[in-house]
Amino acid sequence: GINIADPESGYMQSYSSIASEPTPSDRAFRLVAMHSDLGAEWAPRWRNQSTWSRCYLPEDATRYCEQARAAGQAEAVDTLMHSTDAFANLPRAVVDAFFTEGSLAMNMGADEPFDAEHVALLERFTEIFALGYKRHLDLQAAENRARLAELERAVERVRAEALCMRASNDLQRVVAVVFREMLTLGIETPATTVDYYDFKEEITHHFGAMTNPRSLGLTWSSGPFIAFDNDIATFHDSWTFAEGLLLAGSGFEAFQRRWRAAEPWSVLQTQSEHEPHPLTRLMSSTDLSGAPPGWEGDWVITNVPFEHGAVGFREHREHPEHIDIARQLTESLSIGFRRFLDFQQLERQNGELALERSLERVRGLALGMRVSDELETAAAAVYEEMQRFGIEPLRFGIGIFDDGLQSFDVWLTTVEANGDSTDMRGNVALTEHPMLIGLATARRRGESDFSQVLLGNEVAEYTRYIAEAFGIPLPEG
């Protein structure tokens, strides 16, 4: 076996079998050694680098185990006493040949120590092993330096993307970079999520990045997914704190408690063939051609809190070292969120200014009217202003009710198949078609608005009714 010393205490810090990974009895032996005279006897000999050959008798094992049990290591003692390769097979000859970082040890069942020839042979092998172990430490240090340098570059790339934000939706690009850097740094997750908590508005902004569904042979034309590049797609969702409580129940409150405590936490998600896909909520709002593969099986979902929210990723087994990677990548996410809120406020202000200018244009046109027929021009102007705000209805109209709410005059702007708009005027009865009857009823009740969804044949029936009212001939079928 190999014993590695703790540089400060000199006690055995780790123990492993040369032939295999450390067994439960290996780990139990280390704990017993650390909490008994066994470790205390080993330490000074390691410091002096003097080979230690001895023979353990049953009474020695009893003494060490009693000391460890008194120190709270009862479980380790029980494991060790029931193992076939430790104190259960006594007496036993043991020898440690020391090197700078620990010792190379061997043992056998015997009531006398190893003979001098065997001890000398172990010492010679230890000299060679010490060179190899030193090389191992040098390579390990170099690998750690390389990983640290790569992590620093990854953090800088996330920071640079956050500082390059020019609009609130650019935050999705920042999350995409976080996902890409996680993959580069060895975190094998199908997606990365970043939740931002807006306590002022009591809203959770849920951003995510995942493998681009198109790279998996899937397609979509609408919905929350945005292709960041050929390999990565992003998405954005949001919900109020109250909705989050309904979605996750007590888990949502536990989530926020841990976030306030700034403690990373992990949960196990078991995914059976009968359970919904983890992306079901997102897929319900898109026409994605299929469920993305690669999400099957059980997952450990890890959440790492930062100032304004938490980063989440999933792996098939837990890797504690990945928490520190995620934590360092989150340093720039707070920058991104602050810029997100700033841009949101600026965009709201700009939107309000644009709306005021739009209203002023329509107001000026309305005040400049000289005859009633010019209301048709006002309808067309309102339609154009709505297009400026990204609203593109198939038709837009202004209706003026008569005194008895039996009919109304309508000035209508409609869009043709070639994109051109046409202005029309007509008088439409409010007593025949069910939707228009509902409109008149809402008006009588003093309601501020009315809407109705038309499905299937209802669309064709309404189109025919309006066409007849305006005297528009319809093609057959």
Side-chain angles (χ1 to χ4, degrees), residues 221-223 240 243 284-287 347-477:
S221 60
S222 63
T240 65
E243 289 171 332
S284 66
S285 58
T286 182
D287 59 353
E347 289 160 3
R348 280 195 294 266
Q349 292 172 345
N350 289 340
E352 291 169 0
L353 289 173
L355 178 59
E356 285 298 325
R357 288 193 295 268
S358 180
L359 292 173
E360 192 57 40
R361 284 190 290 269
V362 175
R363 185 181 296 112
L365 184 63
L367 293 176
M369 288 173 54
R370 294 294 180 265
V371 294
S372 61
D373 286 346
E374 290 182 359
L375 194 59
E376 182 178 302
T377 304
V382 173
Y383 176 74
E384 290 177 4
E385 295 301 330
M386 293 182 72
Q387 285 182 312
R388 294 178 190 270
F389 290 93
I391 304 172
E392 298 187 1
L394 293 175
R395 65 182 57 86
F396 174 82
I398 296 176
I400 304 298
F401 296 103
D402 65 14
D403 292 339
L405 285 177
Q406 299 299 304
S407 67
F408 65 161
D409 288 327
V410 179
W411 287 261
L412 192 67
T413 296
T414 187
V415 180
E416 306 294 344
N418 61 5
D420 294 338
S421 60
T422 301
D423 300 327
M424 296 175 288
R425 179 181 178 179
N427 183 268
V428 181
L430 296 171
T431 57
E432 298 174 4
H433 191 277
M435 190 182 81
L436 297 176
I437 293 173
L439 172 63
T441 302
R443 175 68 174 179
R444 290 189 185 95
R445 292 173 178 170
E447 297 175 7
S448 62
D449 58 80
F450 170 79
S451 63
Q452 182 171 330
V453 177
L454 299 178
L455 301 172
N457 291 332
E458 295 173 341
V459 178
E461 293 172 0
Y462 180 70
T463 301
R464 281 194 293 270
Y465 183 80
I466 293 297
E468 291 175 3
F470 280 83
I472 302 173
L474 292 177
E476 291 295 327

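Heavy-atom basis, side chains included; hydrogens, waters and symmetry copies ignored. Keep in mind the model is a prediction, meaning the values are calculated, not measured.
The structure places CG of Asp409 at 12.0 Å from CD1 of Ile398, a figure rounded to the nearest 0.5 Å. Once rounded to the nearest 0.5 Å, the distance linking OG of Ser407 with CD1 of Ile400 reads 12.0 Å. Distance OG/Ser451 to CE/Met435: 10.0 Å, rounded to 0.5 Å. Put simply, NE2 on His433 and CD on Glu458 are 7.5 Å apart, with the number rounded to the nearest 0.5 Å.
When all heavy atoms are compared, the tightest approach of Val428 to Val410 is CG2-CG2, 4.1 Å. Of all the heavy atoms in Val453 and Leu455, the pair that sits closest is CG1-CD2, 3.7 Å. Between Leu436 and Ala429, the shortest heavy-atom distance links the atoms CD1-O, 3.4 Å. Closest approach of Val459 to Leu454, counting heavy atoms only: CG2-O, 3.6 Å.
Ring-plane geometry between Phe401 and Phe408 is classed as parallel, the angle between the planes falling under 30 degrees on a 0 to 90 degree scale with a further cut at 60.
The environment of CG in Asp287 is crowded: more than 12 heavy-atom neighbours from other residues, nucleotides or ligands sit within 6.0 Å.
For Thr441, the side chain to side chain contact (heavy atoms under 4.5 Å, CB included) criterion is met by Ile437, Arg444, Arg445, not counting sequence neighbours.
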